[in-house]
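Below is one structure, written out as structure tokens; the observations come after it.
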Amino acid sequence: MAELITAEEVIAIAFTDGQYIDAGVIARCDIDAAIERWVVPVVGRALLEAVAEGKYEELREHYLKPVIALYTRQIVQPRLNVSTSQAGLSVVTTSSRKAADEAARRELQRSLKARAKFLRQRLEEYLDEHKAELTEYDEKQNILKRCRCDGGFVQIH
């Protein structure tokens, strides 16, 4: 499958905190993992491949990229909170900054998850509204049509 989003695009969309993030911290496998875990079960592989081949630009730019970017950040963020070297795992500290405590890290992860979930629901709404145009989309494959987890409850449709 062709590349749907680059590491630079992930950073531009999902890392809007104002600090510099090097594109090298976003590995291709991070993006692929986000796509496989959170996008393919909703969109389906056939539609995703059509988008990767250049079809459905609006779907790609306004709906898929934001979802992929936020879920990729959710995967990458814990690695950014620490430093790994031959000496093991450490937290970088300087005289002007200190590492965020666990409560702040949990709060950030919760926020990222909520934003990503909202964007994925928006993507699903777009798919429903445009299913006649999206010939590769099979709503029977959309996991959200069968099962959702909201507010700690599993809902089976």
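Between R73 and A14, the shortest heavy-atom contact is NH1-O, 2.9 Å. Considering every non-hydrogen atom in both L4 and E9, the closest pair reads O-OE1, 4.4 Å. Smallest separation of non-hydrogen atoms from I35 and P41: O-CD, 4.4 Å. Counting all heavy atoms, side chain and backbone alike, V43 lies closest to L48 at CG1-N, 4.0 Å. In plain terms, the two heavy atoms of R60 and A52 that are nearest each other are NH1-O, 4.2 Å. Minimum heavy-atom separation, R122 to P66: NH2-CG, 4.4 Å.
Atom CD of E49 is separated from atom NZ of K55 by 12.0 Å, given to the nearest 0.5 angstrom. I21 CD1 to E8 CD: the interatomic distance, rounded to the nearest 0.5 Å, is 13.0 Å. For the atom pair CZ (R115) and CZ (R110), the distance works out to 15.0 Å, reported to the nearest 0.5 Å. To the nearest 0.5 Å, atoms CZ (R45) and CD (E136) are separated by 14.5 Å. One distance of note links CZ of F15 with CG of L70; it measures 9.5 Å at 0.5 Å rounding. Rounding to the nearest 0.5 angstrom, the gap separating the CD atom in Q121 from the CD atom in E125 is 7.0 Å.
With contacts defined as side-chain heavy-atom distances shorter than 4.5 Å, the pair N142/Y137 qualifies. In this structure the side chain of L127 reaches within 4.5 angstrom of the side chain of L59, judged on heavy atoms. Side-chain contact check for K65 versus I68: every heavy-atom pair is 4.5 Å or farther apart. Here the side chains of I11 and Y20 are not in contact, with every heavy-atom distance at 4.5 Å or above. Residues I13 and I5 form a side-chain contact, since some pair of their non-hydrogen atoms from C-beta on lies under 4.5 Å apart.
With R28 contributing its side chain and E3 its backbone, the two residues share no donor-acceptor pair below 3.5 Å. For D17 (side chain) and Q19 (main-chain N/O), no donor-acceptor pair under 3.5 Å exists by modelled atom type. Judged purely by atom type and a 3.5 angstrom limit, H130 uses its side chain to pair as donor or acceptor with the backbone of Y126.
Crowding of E107 atom CD: a count of heavy atoms from other residues, nucleotides or ligands under 6.0 Å not exceeding 12.
When each of R37, K117, K113 is paired with Y71, the side-chain contact (heavy atoms from CB on, under 4.5 Å) condition holds for K117 and for no other.
A donor and an acceptor atom, one from each side chain of Y56 and E133, are nowhere located under 3.5 Å apart.
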